Structure formats: structure tokens, C-alpha cells
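In what follows, a structure is listed as C-alpha cells, so that the remarks can point back to it.
Each chain gets a letter, A, B and so on, in the order its sequence line appears, and its residues count up from 1. Everything quoted here is computed from the prediction, not taken from an experiment. Hydrogens, waters and symmetry mates play no part in the numbers below; they use all other heavy atoms, side chains included.
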2 protein chains.
Amino acid sequence: MSSSPALNEALIAEAARIFATLSEPTRLRLLKTLMAGPLTVSEIVAATGLKQGNVSKQLGVLTQAGFLEREREGNFARFRVSDPFVQELCRLVCDKIERDAHARVAALRGEI
Amino acid sequence: MSSSPALNEALIAEAARIFATLSEPTRLRLLKTLMAGPLTVSEIVAATGLKQGNVSKQLGVLTQAGFLEREREGNFARFRVSDPFVQELCRLVCDKIERDAHARVAALRGEI
DNA sequence: TTCCTATATAGCGATATAGCTATTTATCGA
DNA sequence: TCGATAAATAGCTATATCGCTATATAGGAA
């Protein structure tokens, strides 16, 4: 049971879109900040030191991509990570980075 | 045991780089093609219909990122996926896409 | 060496998007 | 209704990078 080329292309395009969403340091910083718990825009601005406009814009991108949920609270907007998938993905990547770092250290040891 | 801000930034930058490498449909297509087994550049060109120059360029990007290994075979260059990490990552993302698709279908059913 | 084929790379136009400043929109309290 | 504050957005410049064409490099065979 193999899928049609078109479906494959759609799957690839969607996967690329997901990876692209996660390809910006600023957005990863926002996700990391929100992984500790839901926060309002101003709290995020205070926690990260990023400009309010950029924070709003990138939160919008992450929400559009389905990684965050937005909830109005009076004058504020509170954002939360909406999908454990994000955590899984980030953990996998971070583990990989650590593994590679350890491998590099081991290689250096071998070279001495 | 929390890491220094600088280390965190480095980790985020590295993660963003990994995601960015996977954010291009062409590169995902190449990875997908190579997941079936190692191939030379000309075989990849034949299998995908992409231009030789682009294939070389993007294989270079993937190799630089550590996702592929290159092996000279006389006049040819054979590439292979070098890290099961790539498969894991792609599987995770594809699963997510399928889950979301099913969820959308279910939502549609509910709306009828 | 000289030719031929497989890869790699240079240079270019087009496109996408990050972050900036400034402004607009939305919601609450007086 | 009228500020005041939180958030979203508009418009901009700068930058990165895709795929393209054309060319350079590398390695084998004659």
C-alpha cells in the first residue's frame, strides 16, 4: 500500500512547513519559555527581552502552525504550548545535539 | 543543575540549524530517497528528476549538517543516510501530520 | 597526456521573512 | 464616553537562500 506521488508531495510539504516553523531561534526561545507554563505576551517580553512586536508576530506564527493556543484574559493574551508533540520533537533534537557534543569530546580525547 | 544562558543560546542555535536543514522540501525528498538505501548523485537525479546542480548542492548541505555521508567510488559519489536520528525525526513528524489529518477528518464528520 | 563523464561550484535573479519603528485595534477602569 | 494599557499589525530594509545556467574540477580510460 504505497501512497500517491501527490500525497507524498503534500506530506513532504507539510513536514517542511513544520520544520521551517521551528527553524528560527526566536521561535524556539518562545517555545522553551512557554514550556515552563502559560504566559501572557507582556510576561514573555519581560522574560526574554525581545521586542513586543516581534513576540506577537512570532507567537502568531507558532499559533498558526498549531504549536500554541491563545486565550484572551481581559486585556491580556495568554499563550500555552498546545501539543506534547513539540516537547517530544525538541527533546529528540536536544538529545541528538548532546550526543554529538559528547562524541566530539570523545574524539578530541582520542586525538590528544 | 541549569545550564548557562550562553550554553542555552548555543543549544537553541544548533537546534534551529537542524530544523532549518530539514525545512526544504527538496532536501526532505533527497532524504526520503536515500532512506531506501545509498545512491550515487546520478541515480538520485534519475530517481527524483531534480537538476544535477541542485542535487549536488543540497546533498552538500545535508552532508555538512551531518545527516549524510559521502563516499567516493571512482568517478561517482555515493551518499547514504548517516544517522538513524533523521529517520526518527521524520517518523515523528509524519506521525504528527497523520494524526492531525485524522483529527481534521473527525472534526469534519462532527460538523456534518 | 588527452578526452570523457560524474560532481561540484560560481554567479544571478527572484522570493521569503526576520526584526525594526510606528501605528492601529481591543479591552478594561474611571 | 474617555483615556490608558496590552496586543496585533503595517510598512520597511536587510539578509538568506532557492533553483537556474554555465563553468570548473576530478578521476578513469584510451
Inset, instruction - Report yes if at least one side-chain N or O of Ser56(B) is closer than 4.0 Å to OP1 or OP2 of dA8(C); otherwise report no. - result: yes

Inset, instruction - Rounded to the nearest angstrom, tell me the gap between atom CD in Glu71(A) and atom C1' in dA7(D). - result: 15 Å

Inset, instruction - Let me know, please, whether Leu59(B) or Arg27(A) comes out on the 5' side of the other along DNA chain C by nearest nucleotide. - result: Leu59(B)

Inset, instruction - Would you please name every residue forming a side-chain hydrogen bond (donor to acceptor under 3.5 Å, both in side chains) with Glu73(B), sequence neighbours left out? - result: Arg78(B)

Legend entry - Under-4.0 Å salt bridge between Glu14(A) and Arg17(A): yes

Inset, instruction - Can you tell me the distance, in whole Å, between the CG atom of Asn54(B) and the C1' atom of dT9(C)? - result: 12 Å

Legend entry - Side chain of Arg70(B) (C-beta onward), nearest among dT7(C), dC20(C), dT27(C): dT7(C)

Inset, instruction - Grab the CG-C1' distance between Leu50(A) and dC20(C) for me, whole Å please. - result: 13 Å

Inset, instruction - State whether Glu24(B) and Arg29(B) are salt-bridged, where the test is any N-O pair (Lys NZ or Arg NE/NH1/NH2 against Asp/Glu carboxylate O) under 4.0 Å. - result: no

Legend entry - Closest listed nucleotide, where the reference is the side chain of Val41(B) and the choices are dC20(D), dT7(C), dA8(D): dT7(C)

Legend entry - Distance-only donor-acceptor test, Gln52(A) side-chain atoms vs dA6(D) base atoms, 3.5 Å: no

Inset, instruction - Treat each ILVMFWY residue as a node, draw an edge where side-chain heavy atoms are under 4.5 Å apart, and state whether Ile18(A) and Leu92(A) are in one component. - result: yes

Inset, instruction - In whole angstrom, give the distance that lies between atom CZ of Phe79(A) and atom P of dA6(D). - result: 15 Å

Inset, instruction - Nearest whole angstrom, please: distance from the C1' of dC18(D) to the CZ of Arg29(B). - result: 12 Å

Inset, instruction - For the side chain of Ala77(A), starting at C-beta, report the closest nucleotide among dA6(C), dG19(C), dA8(D). - result: dA8(D)

Legend entry - Atom pair distance, as rounded to whole Å: CG in Leu30(A) and P in dA18(C): 11 Å

Inset, instruction - Output yes when Asp100(A) and Lys96(A) qualify as a salt bridge under the 4.0 Å nitrogen-oxygen rule, no when they do not. - result: yes

Inset, instruction - Would you tell me if any nitrogen or oxygen in the side chain of Arg72(A) comes within less than 4.0 Å of OP1 or OP2 on dA6(D)? - result: no

Inset, instruction - With heavy atoms under 4.0 Å as the rule, sort Lys51(A) into base, sugar-phosphate or nothing. - result: sugar-phosphate

Inset, instruction - Report which part of the nucleic acid Glu24(B) touches: base, sugar-phosphate, or nothing (heavy-atom distance under 4.0 Å, all strands). - result: sugar-phosphate

Legend entry - Proximal nucleotide (of dT21(D), dA18(C), dA26(D)) relative to the Asn75(B) side chain: dA26(D)

Inset, instruction - Give one of base, sugar-phosphate or nothing for Gly53(A), where a contact means two heavy atoms less than 4.0 Å apart. - result: base

Inset, instruction - To the nearest Å, give me how far apart NZ (Lys57(B)) and C1' (dA22(D)) are. - result: 13 Å

Inset, instruction - Go through dT7(C), dG11(D), dC18(D) for me and flag the one nearest to the Thr40(B) side chain. - result: dT7(C)

Inset, instruction - Mind calculating the distance between CD (Gln58(A)) and P (dA7(D)) to the nearest angstrom? - result: 16 Å

Legend entry - Within 6.0 angstrom of Arg109(A) CZ, more than 12 heavy atoms from elsewhere: no

Inset, instruction - With heavy atoms under 4.0 Å as the rule, sort Arg78(B) into base, sugar-phosphate or nothing. - result: nothing

Inset, instruction - Pick base, sugar-phosphate or nothing for Ser42(B), based on heavy-atom distances below 4.0 Å to the nucleic acid. - result: sugar-phosphate

